[in-house]
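Quick note on labels: first sequence line is chain A, next is B, and so on, each numbered from 1.
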Amino acid sequence: MSTTHTQTAVATAAEPDYLSCSKGWKSWLLTLDHKRIGVMYLIAISASFFLGGLFALALRLELFHPGKDFVDGDGYNQLFTLHGAVMVFLFIIPGIPAALGNFVLPLMLGAKDVAFPRMNLASFWLWLFGAIFFVFVLASGGLDTGWTFYTPYSVEAQTAVIFAATGAFILGFSSIFTGINFIVTIHKMRPAGMTWFRMPLFLWGMYATAIIQVLATPVLGITLLLLIFERVTGAGIFDPHNGGDPILFQHFFWFYSHPAVYIMILPAMAIVSELVSVFSRKPIFGYKMIAYSSVAIALLGFLVWGHHMFTSGQSKLAGAIFSALTFSVSIPSAIKVFNWLATLYKGSISLATPMLYALAFIFLFLIGGLTGLFLGTLSTDVHLHDTYFIVAHFHYVMVGGTLFAFLGGLHYWWPKMFGRMYSARGSAIACLVSFVGFNVAFFPMFPLGAKGMPRRYWYYLEEDFISYHQLATVGTVLLGCGLLGIVVVLLKSLKNGERAPANPWGAATMEWEAASPPIHHNFHHTPAVHDPYDFGDLRFDPAQGGYARTSNATATATH
Amino acid sequence: MTIANQVAAPPHVEEHAAPRAPFIAEHFEGAEHQFESGKLGMWIFLVTEILFFSGMFCAYAVYRSQHPEIFSYASQFLDSTMGGINTVVLICSSLTAAWSVRCAQLGQRKGLILTLALTILGAFGFLGIKYVEYSHKFHDGLLPGKYYHVQSEAVADVGLDASIPAATEGESHEAAPEPAHDSGHAPVEGPEPANVKIFFGIYFAMTGVHGLHVIIGIGVYVWLLVRAIKGHFRPDYYGPVDFTALYWHLVDLIWIFLFPLLYLIH
Amino acid sequence: MSHEEHAAGGAHVMSPKVLLGIWGALIFLTALTVWSAQHDLGRIDLVVAMGIATIKASLVALYFMHLRYDKGFHGVVIIGALVFVFLFVSMVLLDRNQYQADIDARTIELEAR
């Protein structure tokens with residue numbers, strides 16, 4: 001009712017944007033607007049990220065010298081556990097889908113909102129509720145089981161395992177709600193004319209992610225519930241002292257947590273697919289293959305969980321099967337990389353900050369992905385398992401991959417979210433510092449691990465290891481500086497950044513047809529569906545400082 | 001039956017021209033769009049439920065395949081009569097839930113209120129019987145893990161009726177509190193196998209989580225009942241009734257598997 | 001009955017006959033599974049019980065849950081979920097059956113001490 005009213009009466013008059021259309025904390029915390037929920041998620045996960053980052057910094061500082069600097073073994077165990085748990089459960093899993101995805105997904109569909117706005121808000125509230133449990137954990141004895149909660153130690157540990165497991169359980173619900181919402185939104189809210197294969201690839205990535213969230217997360221839920229049950233009653237399902245089976249726990253855990261790795265990386269790939277095309281001003285190469293490979297990664301990701309258990313008592317047969325299946329995931333991953341490279345080829349590349357992150361992603365993901373092959377191979381994994389090699393590998397994928405793509409997406413959509421341009425030079429420098437810092441921090445860990453330094457040790461004796469550790473610590477500090485620089489640049493833009501045009505990058509997806517920042521209902525008129533990667537009729541308009549379509553005709557190109 | 005008269009569904013709501021019905025959220029195109037979206041959402045939620053329970057079925061399968069002796073020994077302590085009655089109760093409640101959807105679709109308000117109330121009644125019946133069963137288990141010390149301390153009279157009890165068809169087990173449990181007359185009976189299944197408590201861990205985990213779903217179902221059905229009494233549902237708006245029924249059928253489905261897996265082990 | 005009832009939007013309405021028929025079948029199958037459990041069927045014991053349960057589950061899904069008249073995609077969704085459950089349970093069972101021998105050997109070793 002109100003929409004028809006707005007469309008006719010106020011048509012083009014300056015309608016307040018979603019940030020200023022209503023005021024007061026209630027208008028935020030009780031909002032059903034996907035954009036505001038996305039922004040709240042963005043603030044919340046960023047805060048968690050910096051908390052997790054502080055733990056990481058503390059870890060690295062402790063490791064600067066062998067021997068005790070300021071924490072002992074117990075303190076160190078807590079630090080790496082809390083670093084892992086906060087980063088995984090509070091930051092990286094909700095990260096891109098809940099913060100950026102929530103904001104962008106309905107806009108990309110030309111829709112007013114996600115299919116279930118209340119459930120979307122509930123998802124955020126559950127996130128907060130789960131986060132409160134993690135605060136309890138910090139306040140009540142910490143957690144030292146590792147983020148994986150392996151039994152039997154998690155049954156015996158004197159730390160706040162039950163709080164942490166409950167928190168992760170609740171966060172799982174939050175993730176499931178996002179997943180259900182995105183699947184239904186993509187199925188049911190696409191505008192007329194946007195067929196599956198005319199969707200932006202970001203939506204394909206979100207869809208594939210949502211499949212995993214829906215299929216895998218419940219298994220984590222029951223695993224944590226049974227773990228709590230085991231701790232309270234000693235039921236004997238996972239605890240060998242009571243006749244239980246700790247390897248069963250690992251199967252349960254990794255049935256979720258391996259696919260969860262793809263909850264982390266698929267949205268990152270989805271962002272990069274957008275960035276590479278827009279900043280090469282060239283249609284994405286191999287659209288269908290990228291789309292299919294997202295879904296393929298989501299499904300194949302369920303077949304390989306046993307590669308986390310090669311050295312933990314899993315049978316040789318299962319190990320061999322899982323090792324063989326693990327390689328299958330590399331096929332769709334490589335397809336994506338080749339397609340991005342082919343898109344760059346002969347493109348008219350603009351090195352705007354989002355593109356810098358996209359290029360950093362491709363480089364870092366390549367290293368992360370290729371070192372994964374060593375770990376997926378049964379025989380080499382036996383040597384490398386639980387060493388710093390694996391720490392380096394998954395940080396290259398999660399930080400080099402997910403974090404850098406997240407930052408790329410953030411810089412890409414920042415003008416849309418807040419209506420301000422940030423300093424191009426400042427953000428490029430911050431990106432570069434982060435990139436260098438990241439590599440200095442994590443690349444030394446490959447040789448360190450190959451030489452035999454085990455992960456999760458607070459102490460190391462051999463003089464061989466010290467130079468690597470010190471280099472890594474220096475890199476971590478540098479990375480921290482880069483990240484702080486990003487925060488400064490972005491926050492500064494809110495205060496005195498230039499007003500952003502509707503389409504600063506010349507992208508062809510629908511969110512750029514909305515104002516920057518968008519109005520409460522996103523669009524004055526539902527925009528026409530165009531080919532998301534056809535930049536032909538987008539021209540730079542100096543009057544606006546951004547791009548505009550030269551024709552308003554409905555796009556005719558098809559894939 | 002008067003149903004034939006009610007066949008004629010009201011004319012389809014006019015799509016755009018007419019003012020929108022108040023129950024349609026503004027980001028949907030119309031009633032059907034909203035209903036279809038909600039339904040897909042519910043089915044996907046059911047997927048998460050299936051995978052949630054699959055963890056426990058997996059644990060069950062692992063232990064039963066490796067330790068069948070624990071299962072065949074311990075399941076004698078479960079009361080298959082009560083389990084059977086509860087299966088029937090839940091099936092009846094599933095029937096009324098399915099019927100409530102029919103009533104809502106046809107706009108039969110009284111029928112809707114009645115079937116919703118009957119569904120809630122069935123749910124309470126199920127929980128009541130479950131409560132009786134649980135209190136027997138607590139009394140007999142048939143509990144998970146460290147709380148497992150089986151009482152000798154409970155063992156004797158099972159020994160007593162192991163030779164009698166399973167259907168009469170229920171009566172013998174009623175006799176359990178009187179330990180006077182069971183002195184002559186020894187358990188026929190031989191000595192207790194190791195780690196019987198694992199069975200009770202799995203039993204309480206599975207039936208407990210299932211019971212929790214029943215409780216949640218009651219909550220939702222009470223909400224539906226209130227809305228039905230207020231007359232919120234109409235033939236072009238009955239999504240919540242339909243979706244909740246789907247959930248309720250799934251809870252029934254899970255029990256359909258739990259019953260033979262836990263109670264009917266030879 | 002040739003004239004099927006339809007609600008607004010073309011949704012299928014279950015006739016009382018079908019509802020009661022399915023209910024009756026479910027009750028009968030419950031009785032059957034209890035009855036079969038009282039007879040020693042040997043190794044096919046579990047197969048029979050699970051077979052009956054699966055039939056019951058299919059009846060509930062197809063009729064009470066309207067899956068038979070519903071969009072095909074909803075069926076695909078549920079079948080898909082079951083495929084993943086199968087994958088999960090079967091891989092874990094396969095592995096456990098393989099390493100059970102290690103557990104047994106260790107148990108014997110511990111008992112010998």
>> Only pairs of heavy atoms separated by less than 4.5 Å count here; which of B:Ile50, B:Ile202, B:Ile44 has the most with chain A?
In response: B:Ile44
> For B:Phe52 and A:Pro218, which heavy atoms make the closest approach, and how far apart are they?
Replying inline: CD1-O, 3.3 Å
> CD1 of A:Ile222 to CD of B:Glu49: how many Å apart, nearest 0.5 Å?
Replying inline: 10.0 Å
>> I'd like to know which of A:Ala216, A:Gly243, A:Gly221 tops the heavy-atom pair count under 4.5 Å against chain B.
In response: A:Gly243
> Closest heavy-atom contact between A:Phe229 and B:Pro144?
Replying inline: CZ-CG, 3.8 Å
> Got a second to check how far B:Met56's CE is from A:Phe252's CZ, nearest 0.5 Å?
Replying inline: 9.0 Å
> So which of A:Asn242, A:Thr185, A:Asp239, A:Asp113 has the biggest tally of heavy-atom pairs under 4.5 Å with chain B?
Replying inline: A:Asn242
> When rounded to the nearest 0.5 angstrom, what is the spacing between CG in B:Leu51 and OG1 in A:Thr217?
Replying inline: 9.5 Å
>> To the nearest 0.5 Å, what is the distance between CG on A:Leu32 and CD on B:Glu26?
In response: 9.5 Å
> Is it the backbone or the side chain of A:Leu215 that comes under 4.5 Å from a heavy atom of chain B, or both, or neither?
Replying inline: both
> Rounded to the nearest 0.5 Å, how far apart are OG1 of B:Thr48 and CZ of A:Phe177?
Replying inline: 8.5 Å
>> Minimum heavy-atom separation for B:Ser37 and A:Lys188, please, with both atom names.
In response: OG-CB, 3.4 Å
>> Within the supplied structure, the quantity of interest is the number of heavy atoms (other residues, nucleotides, ligands) at a distance under 6.0 Å from B:Tyr131 OH; does it exceed 12?
In response: no
> Would a distance-only check, ignoring hydrogens and angles, find a side-chain to backbone donor-acceptor pair under 3.5 Å from A:Lys112 to B:Phe28?
Replying inline: no
> Which bit of A:Leu225 is near chain B, if near means a heavy-atom gap under 4.5 Å: side chain, backbone, both or neither?
Replying inline: side chain
> Highest number of heavy-atom pairs under 4.5 Å with chain B: which of A:Val114, A:Asn181, A:Thr233?
Replying inline: A:Thr233
> Side chain, backbone, both or neither: which part of B:Tyr63 has an atom under 4.5 Å from a heavy atom of chain A?
Replying inline: side chain
> For A:Asp245, is it the side chain, the backbone, both, or neither that has a heavy atom closer than 4.5 Å to a heavy atom of chain B?
Replying inline: both
>> Before you tell me yes or no, could you show the steps for A:His187 and B:Glu36 under side-chain contact (heavy atoms from CB on, under 4.5 Å), namely the whole-Å CA-CA distance, both residues' side-chain angles and the distance that decides it to 0.1 Å?
In response: CA-CA 10 Å; A:His187 265 276; B:Glu36 290 295 332; over 6 Å; no
> Based on non-hydrogen pairs under 4.5 Å, which of A:Val232, A:Ile237, A:Val219 is most in contact with chain B?
Replying inline: A:Ile237
> Checking A:Ile176 against chain B: side chain, backbone, both or neither under 4.5 Å from a heavy atom?
Replying inline: side chain
> Where does B:Ser54 contact chain A at under 4.5 Å (heavy atoms): side chain, backbone, both or neither?
Replying inline: side chain
> Is the OH atom of A:Tyr150 crowded by more than 12 outside heavy atoms at less than 6.0 Å?
Replying inline: yes
>> Does any backbone or side-chain atom of A:Thr223 lie under 4.5 Å from a heavy atom of chain B? Answer side chain, backbone, both or neither.
In response: neither
